[in-house]
Each structure stands twice: as C-alpha cells, then as structure tokens.
Amino acid sequence: MQRIGVFVCHCGTNIAATVDVKAVAEALSHEQGVVISQDYQYMCSESGQDLIKNAVKEHKLTGVVVCSCSPRMHENTFRKAAASAGLNPYLVEIANIREQCSWIHKDIASATDKAIILGKAAVAKVNLNTPLTAGESPVVKRALVIGGGIAGIQTALDIAEAGFDVDIVEKEPTIGGKMAQIDKTFPTLDCAACILTPKMVEAAQNEHITIHSFSEVSAVKGFVGNFTVTIKKKARFVDETKCTGCGLCTEKCPMKKVPNEFNMGLDNRTAVYIPFAQAVPKVATIDPNYCLMLKNGKCGVCSKVCSVGAIDYKQTDKFIEQKYGAIVVATGFNPIKLDKYDEFAYSYCPDVVTSLELERLMNAAGPNGGTLLRPSDKTHPHTIVFVQCVGSRCDDSKGKQYCSKICCMYTAKHAMLIREKYPDTEVYVFYIDVRTPGKNFDEFYRRAVEQYNVHYIKGMVGKVSPKADGKIDVQASDLLSNEQLHINADMVVLATAIEPDKSARPLATMLTTQMDTNDFFTEAHPKLRPVESATAGIFLSGACQGPKDIPETVAQASAAAAKAIGLLCKNSITCNPCVAHSNELMCNGCSACEKVCPYGAITYQDKEFRMPDRTTAIRRVASVNPAVCQGCGACTVACPSGAMDLNGFSNSQIMAEVDAICK
Amino acid sequence: MLKISADKLNSLFDAISAKQTLYITVDNEKGSAEYKKYESGMTLSKSLNTVRSAKDFFFPQTENLADFKVEGKNIEVIDVREESEDFVVFGVRACDARSFTILDKVFLSEPVDSYYKNRREHSTIITMACTKPAETCFCTAFGMDPTVPEGDVAVFSDGENYFFLERTEKGKKFIASISDMLEDGDTAKLNEVQEKARNIMKKLPLANLSTKSFGGERLMKHFNSEKWAELSESCLGCGTCTFVCPTCQCYDIRDFNTGHGIKRFRCWDSCMYSDFTKMAHGNSRNSQLERFRQRFMHKLVYFPANNNGEFGCVGCGRCLSKCPVSMNIVKVMKALEDKE
Amino acid sequence: MQEAMIKRAKELLADGTVNRVIGWKKGEFFYDATPAVFRTAEELDRQFIFDDFTQANVSKYLVKESRKDGKILAFLKPCDTYSFNQLVKEHRIIRENVYVVGVPGGPKLDIEKIKAKGITGVLSVKNENYTLKIETLYGTEEMPFYEAISGKCESCKSKKHVAYDELIGEDGEVLESNRFDMVEKLENMTAEERFNFWQNELSKCIRCNACRNVCPACTCENCVFDNPKSGVDNKAPADSFEEKMFHIIRAFHVAGRCTDCGECSRVCPQNIPLHLLNRKFIKDINSLYGEYQAGADTTTKAPLNDYNTDDCEPSIVHERGVE
Amino acid sequence: MQVNENFEPVIVAFCCNWCSYAGADLSGTNRLNYPANVKIIRVPCSCRVNPMFILRAFQKGADGVIICGCHPGDCHYTSGNYFTRRRITLLYSMLDFLGIERNRTRLEWVSAAEGAKFADVMNQFTEDVRKLGKNRRLEDLRCRKQ
Amino acid sequence: MNKNQKEWIDITSGVNVCKCMRCGKCSATCPSYDEMEYHPHQFVYMVEKGNIEPLLNSDSLYKCLTCFACVERCPRGVEPAKVVEAVRLTAIRKQGNNHLIPDQIPEMLDDDLPQQAIVTAFRKYTK
C-alpha cells in the first residue's frame, strides 16, 4: 500500500496570498495512499527540506508530493532531499500551485479549488511512480566553440588550459570577430588589436586548439556528452597548409574594386585578400563572386605569383564529421540595418556613419590610415554630432525594444579620442540617458565631459538633412533649455542598436536550443544559470546571449568554459532516467517506433519466446538503448499496442492525472 | 381460435402499448430486422428473424449490478436494482422462444439470478409462427415445430388475419386483456398455410441434420477428436457468433471508475476472446483451437450433459450468416457425426 | 479459374517448392467458403473453391503461417496483395516463407446484398450475362448482377497485383474509384447531422471485435483493448462513448497503414459503414500530406511515421468545410 | 441551445516541458491572469500526447482539451512537434468528422518567451469552450456528475 | 490637477502618456517648434502630470500643423499629435471658445494662402 507524504508550501505569501494552503493540505490528506499532509512556510528552505527528510524516515514514505512552485525551479532540490533520506528521487512529484495557480488567479476560492485538483493529480501520479536509477553515458573529451570572436577565443583558451581539445569554427576567413575591427577599448583606452592579437596567436599556437576558419556548422546530431557535428569547410581556393601569408598575391591581383567588409565597405580590397595584417590564420582567401578566374576563367595572376603554389581554383566545400562532449555558442552580434531610419539620412549621405564605421575611420589600419576625415570629400571635420539610441529602446517594428548597453560607453570613448586628437573639432552628443554602470565607467564618461568638454545635450535628434554645401543640418531638441537646436555638422555618428548574428537562428534549430523573440539565445535561468542553455551540454558565451561589452563578454566566456570543463572532466554523465522502455511480450516488431525516434535509440533483435499456446517462437522485438534515448515519447504514441512506455511519464500515470483533473 | 384482421394489427399494437411498453420487430434501412420500442405508425418486420436475438430483453449486453460511492478512504455500496416495468415482446420466432427456456435453465436455477428473474417475470412473449424459413434454419433438428412456437402467446398468420393461441397462464391473462379487439375465426386457411410451411421445413437443406451423435455421453470421444485442428484453423477468435447467438449466456463482471465512484457492471463475454476466463496464471484455454472446441462442446455436449439432453443450440442460423469466415456449428456437427 | 489454380497448386506441391497451400474451402452452401490450408492434392480436388463468393482476405493468416516451417503458397487477389505488402513492411510476414500467386480479383458477390432484398431460402445462384438467376425454396428470383456486388468491390481502388511471385491471368491497373464520395457527402453535412449519423450508426455496435480481428492492419500481439493495464480496455458498450472510443482509437492505429480492403465493413454483423472512418483518414492524408497508398510498396515510410517541415497546421480543420 | 451563465468548463491542457510549460511559468511570473478552469499536465514533449489521453479526458468530463508545444523547429527533441502536428491534425479532423464541436480541441505553439501569448490563448480558449456549453457529444454518461 | 479632464483627454486621444521616455524626438522633428509656446514633449509630460490649465489657454494648441511627423518618429509609439488634438478639443468644446470667428477671416487672407487651408483651419478650430 502506498505511503505518501504531501507538503504544501506557503512560499511566503506568493502562494498563501491567494491559496488557502491549510485547506489544500487538509483536502489532500483524504486522498488515496496519503499518510501525512502538512503545510510549511518555505519548503525549499533548509528546514523545509528537513521536514521532508524527517517525514520520509519517520513515516517510511514511499512517495512525496510537494505543492509548491514550478518543477523547473526546485524539482531537483526536493529530489535530492528525498534521496538523502533514502527515498528514490524519482518518487517525488511537484504540483505547480504558484506560477500556474496562485500567481494568476485573484479569487481565493477558485485558486484553492484549483490547487487541490492539481495536488490530487500529483498524488494520483505519485501512486504509480516506479523507482528509477539514472543510467550512465560516456563523455567525449572534446569541445566545440562556434564563433571565433573574443568570446570564442577566450572560451577555447580556458578549455585548452584545462587540457581538453577544442575546435573553433569561424565563418570569416580569420578569427577576431568584431573586436578586431575596434580601434581603442573603454575604459582603459588600450588598443583593441594590442590586447586581442596575442590571444589570437596563443589560440593558434595552442596544441589543444584547432581553428576551422572560413567554416560553418552544417548539422548537429546526438546529445550531451555525445554530439556528432558536421562542419562545412567553405572552399577558400587557397591551400591552408602551403600559404605563408606573404601577401604577394593580394598585391598583384588585378581585381581591386571589391568592397572591404572588414572596413565596413568604406574602402576596397582585392579579390584574393587577407582581411587584416594580424589575421589568424594568416592565409589568403579568394572571393568567388569577384575573382575573374573563378567567374569567367580568365586571369590566374595569383597562382602565377604564388611562390609555394598554394592557389587551387578547383577546391570545393569539404565536410568533416567530429564527435564532441560539449558545445559553446559564441556567435556574437552585428549592428542592425538602418534602412528603415530615413530621418537620419544614413542611406543617402556618406557623412552619416555608424559607430563601427567610425571605429574603422579612426583606426590606423582603417581606410584613411588613422586620420579622421569626412568620407565624402576627405576633409577634416570641425563639428561632429553623435546620436544615441538609434534603433535601441524602440517599441515599434523598426527597431529593438532593449537597450544595447555598450553605445553610451563607446560614444564617450569616441568623443574623448576625437577631442584629444583634434582639439579644434566640436563634439555634440544627443542622449536620452547616459548609462555607464560598472567599474570606472562613470568616471570615464565624466572625464569626457569635464576635461575634454564634450557637449552632452539631453534630447533626441529629430531630423538630419544634408545641405547643398556639403554640411549637414542636425535638428534636435534640447529638453533642459527647452529649445530646438539646429547644428551645422560635418559628420553625424549614429550609435546603432546591435542584434544577434544572422547565423544564430538556424544554429539554434540545429542545436534544439531555445531563442527569445529577438533571436538572442535563451539561458537556462536568467539569474542562476546565465551561461548554460536549457539544452544540456550547450553553453552560451558572449553577445549571442544578450548585448554586452568586452569585459562582460570575457567574464562570461570564462564562465562558459568553466561549465564546459565541468562537463568534460567527467568520464561519464548520469543521463535522464525518464527514458522509454519496451515490453517485449507485447511488442509486434513493426518498427513504427524506430522510424519516429529522433535519436535512433531503438534497435531490433530476434528473441525466443514461450507463446501463450505453449509453443516457443522466435520474435522480432524492439529494445531501447537507455543511454541514447532522451525520453521525448514520440515512440509511445507510434506504438499501437502500448508496448513502448516512458519511465516517469507512463501512459497509466498520465491517464491517472487526467482522471484526477476531470474528477 | 381468436383472430384479428391484418389491417387492424396496428390499432391492436396501440392498445397494448397504451397499457404497457411494447417491443416489436421492425425492418431498418439496412434491410435487417431489430427489436424496437413501439411508436404508433411502425410496421411489423417482414424478414424472418432479427440480427440481435430477443435474449437482450432479459440478459442485456451491459447491466449495472451495483454502485460504490468513494469518499477518500470510505466506500459505501448502493444497490441499483429497481423493479422492471411490465413489457410485451411481439414477433419472437420459435427458435428465440426456445432459447428463453434454455436461458431460464441457467439463470433461474439455484442460485437464481435476480436481475434476470425480475425482467423475466414482467415480460409477456408473443411468438410468431414461421411461414418462410431460410436455408440456414435447422431448428427442426432440435425437436422444435416452428409452425407452432412456444412462448406465452403464439400468433399464426394466414395472410389476411392473425390468430392468437395462449400457451401459458400469462398468455391466457394477456389474451383476456385484449379479447375485446379479437373475434373468433375459423382456422381452415391457417391449417393449409401451416401444412405448406411444414413440408417446406422438410425440404430445407439442413432438415436432416441429426443430433444423435452428440449429447453428454460422447464427451471424451468428441473432446479428443483430431478434427478440431482443421475446423478451428480459420477462426479469427472475434466473438460475433457468441454475441448474435440467442443461447450464449457467458458474462464478465468488471468495475468502472467513474471518477466519483465505482460502477460494477456485468457484460456479455465470449469464450472466443483471448481474455475469457483469464485467471492469475493466464487463460486456461490459451490456443484458438481450445477456445473453438469449448464453444461447440458446450453447446453440443456439456449443456446436454447437465440438462438431461437439452441441447444448447436452437438452430436459428444466425452464426451461419454472421461469421466473418463462415465457420459455424453446422459444419462442426457434420464433421463430428459418427459415420456408420 | 479455379481449375487453373488447383492445377498450379498441385504442381507446386509436387515439386516441393511449397509444402502447403492457403485458399478457400467449400462450405455447406455455395456462398460460405472458409479460408483453409491444404496439404495434399487430394484435399485440393475435394474441397478447394474459388468463385464469385470467395472474397475473404487471407493475408492476415500469413502472419502466423509464415512463421511455421516450410514455404506456403498463397492465392492473393489484388486488394489482398496491398495488405500483404503492408504486413511485409512491418515485418509481420516473413516474405521468403510465402510463395505468392496473384489471382484476378473481379467483382465478388455478397450474399447479404441478396438477402437484404428480401430473397430468402437461397439454394443456388447462376450468372447469365449479368443478371443473377437465384433458385430459392420459394421459386426462382432474378436480380441484376451489379446490385449484388460486395460493398468493397463496388469502390475497388485497384486491380493491380503489387506483390506476387507468379500471376494467373493478367495484371490489372490502379482504378479511378469514387471511394471518397460518401466521405465528402458526410463532410458537407453540418456538425449536428454528422454527429446524429454516427451516433445512430455506432450505437448499433455490439463490440464483437469482428472488425478488429479480420483487419490485416490490426495484428498486435496483445491489443490495447484486451490489455487491462492500457486504461482503454472496454468490453461493455455501456453507452455511446465506449464504441466511439473503440472505433476512433482503432481507426487512428491503422491510419496511414489501412489499405482500404473493406473487410471491416463486410464482416460487421450490424452493417456499420466502418470503412468510412478509415477512408476519412486516407482522404485527409492524401489531401494534406500527398497521395499515399498503404501497401503500394514495402519501403516508403507511413505518413504518421514521417513528417516534413512545412506541413499544414491543425487549425486547417477549423477553417475548411461547413461549421 | 442556451448556455447557462455560471457554467464553468473543465479544461485540460497538455504542455510540453521545454517550451509551453516554461511559457506558462512565464505568464505566471508576469502575473498574467487566465481562468482557473485550465489545468496543466506536464509532458516531456507534445509528441508524448496520445489520442487516448485526449479521449480519456473527454470521457471523464472535460469540456475542452488544448495541446501546447514548441514552435516547429524549436523542439528540444528536433522532430517531436512535427509528429504531433500530423497526428493531432488527423485526430481533430476525425473528431470533426464525427460531429464533435471544433472549438473543443485546439493546438497552439507557445515558446518559453511567449508568456503573454500563453495567457491570451488560454483566455480565448476558455471563452470558446464556455460558449459551447457542457461537452455532451463525447462524454461517458456513467461519469456524468449529477 | 484636474482629474476628469486628464481622463477625458486620455480617452479621446487614445494615447497612454506614461509610455513616453522623455527623449524629445517629437519636439526635435516638430516643424513649428519655434512658434509653439509648449512643445509636443511638454504636452505629453504636462498631460501626464494633469497640469492642463496652462495648455488650454496657450496659443500653441493652434500652431500644430498635424503633420504627424512626431507620431511617425516617436520610438515608444506615443502619439503626441493626438494628445495635442485632444487638448485642443477640450479647449474648443468650452462655451464660446471658438478660436476662429468668421468675421476675423477677411483680414487674415492673403493671396498665396490656399483656400483649402482656410477650410481645414475653420473645421479644426471651431466647435
């Protein structure tokens, strides 16, 4: 006979406010098999868990029902508590009477009735629970980092540091990501390249790290500890092993009219190119859309000049398959498209640039070799206007609802650098609020205002209209002095909102991870598990999880690496015991389940059976590999005779819950 | 003998149904007959017999035996039996009428089945003589004269009017209650119709089916006959023959959890099912051969052994036409006959 | 045709390719042939029959027979071969233990159709250029051939043998059949009328399981309705819900696997049009997921075991047809 | 047929553990109200919902059954909800074929971030079912509560 | 703080003034910013505070050209032009408060003022 303990949590007033917990406990005490039913203020607290432990020991309980918050929050806590008292952890059931009852109903009577019904359903389910032990599955001691920006590099280095092999997959010809394009970094103003390139070189030289540049992930199969990933190495028409990065081919290439993405299209590059001097791997890449040889078969200059014969026009995409134990997503961010913001005249005035373009204009390796000139007529700009929150904090379909977090700091940095290098240039910054939280951030911003007297004007820019004489009229409102300003500017810099990289959405589908409506990866728990995704074995590093600056990105990169190392250092991981199992006597061997199993966990064998009519017969029956099965349950419905059932969510358990609810 | 003209039959039905509920045989749109509660305007069925036999009136396919009220841990038993109201069944054929006597032997002998008894006492069976038997009929093989059926009141038709003859005490009372609508009539034309029917009976293909090589004493011989393998190989074990058969009387008792209590009900069970008489160790007859043999041995050997020679089959022919693979009792009898 | 089949069967028995034959055995009357297994030539001569009334689908017996030792010869009509293929695809029949001889289907007659016309005491039936001369105890009757055709042959979907080792007579081809007309008629009714139609039909069900036990797609070792632990084991037609539950679940279990052979409606003692439920699923699968004929081959995945990413949404049920 | 005003429908919701159950939790944390008639059963994936459960719910007296799953493409088990979509489309089409009112059954894709959508769907579905009144066409008379 | 007047403005304008994040973009794009005593962002802010009296008797109510540039450009979807219109209607609906009296028109006319402008102004500024 079952001996079940019911514990109803007050959760302070979260539940007790709209659910009469005493009545729930009293009502559930009459349920079948319930021997003890009590309520307590905080079940998840230390004393709450002790309540469970003592009750299990004292009443020799065979099942525990906790009516509290969502199982997604404290199911493990209560399971561990029961386990430490000697009860199999999978004999504990949670009734969600907070998120799905007390918080969403105002009327106490109906909320209490609903809580009682949800409690009854949990008791009905626990009556049919069977003790389960988690199986083991091996862990492949290798990690995959998708994305080669600072986040990916930092994570890879930390994992390699722990002695595990790491593969970095970067879709650009070189690792480095957005940070490589940045000139100086806040708040210390040290040059981005100076702190990034050593890390890139370290990553290249580390024997545990292999870099797959100009490659993409094309397919992911398997599950935590045992992912099988297919990497597509895009054809770069240059043999990586031979090319020494001398750059001779890039000088001789006749096709010089290719817009240079690295400089945001502000200048041109040749068809065969090396993105920037410190590129890692320092290997040339041929752009098939522009190379005359590849497009119409005439030219071949680069293969002639190449001393080591590294050019190979016949190269095709190669696919490699590799097994990994953990995957870290570091796909980074991109500025949003500004074509919908015609009030800032970005699309038809060359002197209206985004902040990233300004980074390139000011960078020594940039289009004008470091001197800041107006892109239109290459003259020295005397007045520059910065516009904050372009596309951020917008509640309309054009922009993003969230604040992009890094624009206030990098605009202060730009303003300070310009004022320092060109004291004669006036700098205006139109802001809604300046948000500079963090160590030395506000002091940095105040220095920009006080020492370099950058004009910070509270008010938004309404209209930017280029005038005939090349100047730009910026019409903005100054809320503090309550007037409308017209500034005659030479350049306008827009602090553009940032969004996740376009490759993130298909990748999420492959990895079966969740994404929010803005395409940022959803973390397992916003406060308690920020660097893991809800899918076990997949970790999030850097801006793919949300807008963040370099210090935070590096912090999160190392955190993701720590989590990945925590997984890889185990020889085997306990896997989900709620897996399917087949009742061989009832199995027809019709392989309907095998066809619907997404993980291929079901195999067939011929076994001898004593048939009901006392003859023995060889029958083809299914058997589920508990290590591979993830417990989705598709097979249990495909199986007509109900031979296939799922531990923890069996047919009879769910039917018992349905009965309890419809009682 | 008392009679009523054919065209006034419906008004007779109206009179009867005014006093107590009346069920008559009606042809449905699919061309087969069934028993239906009489509403004025219904016409009596022309076809020979119904698909579902009349046993349903006394031994319904599903019947609630008791209810249990469950409140948390205490259970309360509620007796759901209530007195059945009087009813009349019109149009029962001779074979079905004989099946009631067989069922009475089972249900009314000690310990008496109160549910069955309650309905049986409140019923009045009006049988109709057969004039156009089908080729599948073989009731004569079991000592029945279809032209003079049993039941409480026998009704004979000579084409224009219907003659009523009481056969039991209850029938006498019934005829008395409707005697004002009947008048006396000579039975000359009727005897001629009966004579014609009788010699058709003789010409039936299964007329000379004999039952003398069956009965209680030949149990071991038939049980060990090696013909069962061949006979039972095509049987699908579906249970149609048992559910259309008027004399099958096996039932299963089950509990149904309605959410706020338990309903204990009994329902027809078929010896052909794989879970018939399933016990702790499993089913004692676990091959289709044993189940097939059990069905026909019960009809032809076990029942006569326990009921001094009365066979369990009434030769209505339903299992002949309704079996999906056309295996039936006639083929079994012909296969197991002692060939002198 | 029957003689050719007996002759071929005897040859194959004689040269040892098969050690037994499955076909139809004469019954008491001319119309009640029973599927039977013959082992000797003498039995074949004495009892084997193949005529207008032998319409039972024997492929379901092969599930058990193909597991016995020795090869078995099976005479399969075109619609039986679809069921055969479906069972082979689901590894229920061991293909190499069966030697399939395709025999022409041809419209079969159904004695129930003759009796439903009020003709009783039937002794013999002869077919003279498409009108039936019926000898009965009460004189001879006449009836047009087409009115006695069995329900499943009326809407025959294909005369093409999709699985055979050998053919007697020539092979037909897939036909354009009007088998979905009744389904469409029902779909165009209002929900109220449809519910009354099915309530009236399904309440006649006496739960005799004939439809399940004859269906070649229903070959579970332990059916969910016989297993008390499944939660849906119901034996009692207590009220209308039990039958609806039984028929919906059964139709769902054979959805995408039912070859529309029509046996379930043929054997139903209460003549409930059960094939309409299966045809509704077939019509939906064809219109939503592309034409699919179960049993056409032994490789393609059944529609319910497969998916493609741009399937329609379930709300399509709300948008189409009559409210 | 008239629907009495104080009729409170019983609604069973099957929510998949990864998306819609998290969506339900999110609508809870945002305090977005939806009627108390809806009771949620957690299943690992929407493909775990067997037509037998749906019929069982209606048998035991539920008036509406709604299944929530991840958006096609988001399923934690890659292809779970694709199978759900086919099975449930066919099942709902069959129930409609048998004359059961269409608004008694529904399938909705709700991601973990769509708390508001979850609350709206539940509010709207409860209203639809309340308009239809007690489930008379697919209930088991023995389970009817007096 | 005139409570029901604010509610009436909220209802007629259909605008939720709390959505404004005080960025000032509406005033930035307002072409008749200079002529107006109270600017669009001030309309929204003062209506939210309920301080409506000064708005009612200020001339800026009639300077708004209803060009809807502010509605188009507001990042938070607040529609300042509708708030201005609602306040204007509150003013006009008071007894005898028509901003434009027919006999004032002749001396306002000048030949390059389109006739249509007079008709729309008359409709907008009178009850």
Side-chain angles (χ1 to χ4, degrees), chain A residues 69-73 94 96 98-107 109-111 113-114 117-118 121 125 220-221 505 508-510 512-518 522 534-535 576 578 596 598-599 630-638 642 646 648-649 651 654-655 657-663, chain D residues 8 10-12 14-15 17-19 21-22 24-54 56-62 65 70 73-80 83-84 87 111-114 119 122 143 145:
Chain A
C69 55
S70 166
R72 294 164 58 85
M73 292 277 284
I94 310 283
N96 186 346
R98 186 180 74 168
E99 280 88 345
Q100 289 171 8
C101 184
S102 69
W103 274 353
I104 51 170
H105 305 315
K106 293 198 183 57
D107 161 35
S110 63
D113 290 348
K114 177 169 178 182
I117 289 175
L118 291 179
K125 183 172 183 191
V220 178
K221 293 255 173 309
R505 170 60 70 172
T509 314
M510 279 189 264
T512 74
T513 47
Q514 310 289 327
M515 276 193 140
D516 66 13
T517 43
N518 297 315
T522 313
T535 316
N576 164 15
C578 294
V596 294
Y599 297 94
Q630 291 301 299
C632 71
C635 51
T636 56
V637 179
L646 194 69
F649 294 91
N651 289 330
I654 296 182
M655 287 231 189
E657 279 186 277
V658 167
D659 290 354
I661 282 174
C662 299
K663 207 180 266 201
Chain D
E8 281 308 327
V10 173
I11 292 182
V12 178
F14 292 96
C15 290
N17 174 38
W18 299 94
C19 282
Y21 196 88
D25 284 354
L26 186 62
S27 75
T29 37
N30 300 347
R31 308 304 195 271
L32 302 170
N33 291 358
Y34 54 86
N37 320 49
V38 178
K39 280 108 188 172
I40 291 173
I41 295 179
R42 184 164 73 123
V43 284
C45 178
S46 54
C47 63
R48 176 71 186 91
V49 178
N50 195 324
M52 282 194 261
F53 303 154
I54 299 169
R56 176 66 166 237
F58 280 124
Q59 173 181 22
K60 290 293 168 100
V65 174
C70 307
D74 283 2
C75 174
H76 177 64
Y77 304 98
T78 55
S79 58
F83 290 118
T84 314
R87 291 173 189 155
S111 89
E114 289 167 326
M122 288 305 158
C143 303
K145 295 185 267 297

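Throughout, protein chains are lettered first and strands after them, A, B, ... in sequence-line order, and every chain is numbered starting at 1.
Contacts between Asp107(A) and chain D at a heavy-atom distance below 4.5 Å are absent for every atom of the residue. Of the two parts of Ala22(D), the backbone and the side chain both hold a non-hydrogen atom closer than 4.5 Å to a non-hydrogen atom of chain A. Thr522(A) does not touch chain D: none of its heavy atoms, backbone or side chain, sits under 4.5 Å away. Interface residue Phe14(D): only side-chain heavy atoms are found under 4.5 Å from chain A. For chain A, the nearby part of Val49(D) is the backbone; its heavy atoms alone come within less than 4.5 Å. Of the two parts of Leu118(A), only the side chain, counted from C-beta on, holds a non-hydrogen atom closer than 4.5 Å to a non-hydrogen atom of chain D. With a threshold of 4.5 angstrom between heavy atoms, Ala634(A) approaches chain D through its backbone and through its side chain. For Arg42(D), the parts sitting under 4.5 Å from any heavy atom of chain A are the backbone and the side chain alike. For Ala113(D), the part sitting under 4.5 Å from any heavy atom of chain A is the side chain, from C-beta outward, and nothing else. When heavy atoms are compared at a cutoff of 4.5 Å, Asn37(D) does not approach chain A at all.
In the model, Gln514(A) has no side-chain atom that pairs as donor or acceptor with a side-chain atom of Asp74(D) under 3.5 Å.
Using cut-offs of 30° and 60° on the angle between ring planes, the pair Tyr34(D) and His105(A) is perpendicular.
Within the 4.5 Å cutoff, the side chain of Ser70(A) has no heavy atoms near those of the Gln100(A) side chain. Side-chain contact between Cys70(D) and Ser46(D) is absent, with no heavy-atom pair separated by less than 4.5 Å. At a threshold of 4.5 Å between non-hydrogen side-chain atoms, the residues Val637(A) and Pro51(D) count as touching.
Of the possible polar contacts, none joining the Ser79(D) side chain to the Pro598(A) backbone as a donor-acceptor pair under 3.5 Å is found. At distances below 3.5 Å, at least one donor-acceptor pair connects side-chain atoms of Arg72(A) with backbone N or O atoms of Asn17(D). The backbone N or O of Glu99(A) sits less than 3.5 Å from a side-chain atom of Asn96(A), completing a donor-acceptor pair.
Note on Asn33(D), Ile11(D), Asn50(D), Asn30(D): by heavy-atom pairs under 4.5 Å with chain A, the leading option is Asn33(D). Of the residues considered (Thr509(A), Ile661(A), Asn651(A), Thr517(A)), Asn651(A) shows the highest number of contacts with chain D, using heavy-atom pairs under 4.5 Å. The candidate from Met515(A), Met510(A), Lys663(A) with the greatest count of non-hydrogen atom pairs under 4.5 Å with chain D is Lys663(A). Of all the listed residues (Ala57(D), Gly61(D), Ser27(D), Ser111(D)), the one sharing the greatest number of non-hydrogen pairs under 4.5 Å with chain A is Ala57(D). Interface check for chain A: of the options Lys39(D), Arg31(D), Arg56(D), the most heavy-atom pairs under 4.5 Å are formed by Arg31(D). The candidate from Asp516(A), Leu646(A), Asp113(A) with the greatest count of non-hydrogen atom pairs under 4.5 Å with chain D is Leu646(A).
Here the straight-line distance linking atom CZ of Arg98(A) with atom CH2 of Trp103(A) works out to 3.5 Å at 0.5 Å rounding.
For the pair Lys125(A) and Phe649(A), the cation-pi criterion (under 6.0 Å, within 45° of the ring axis) is fulfilled.
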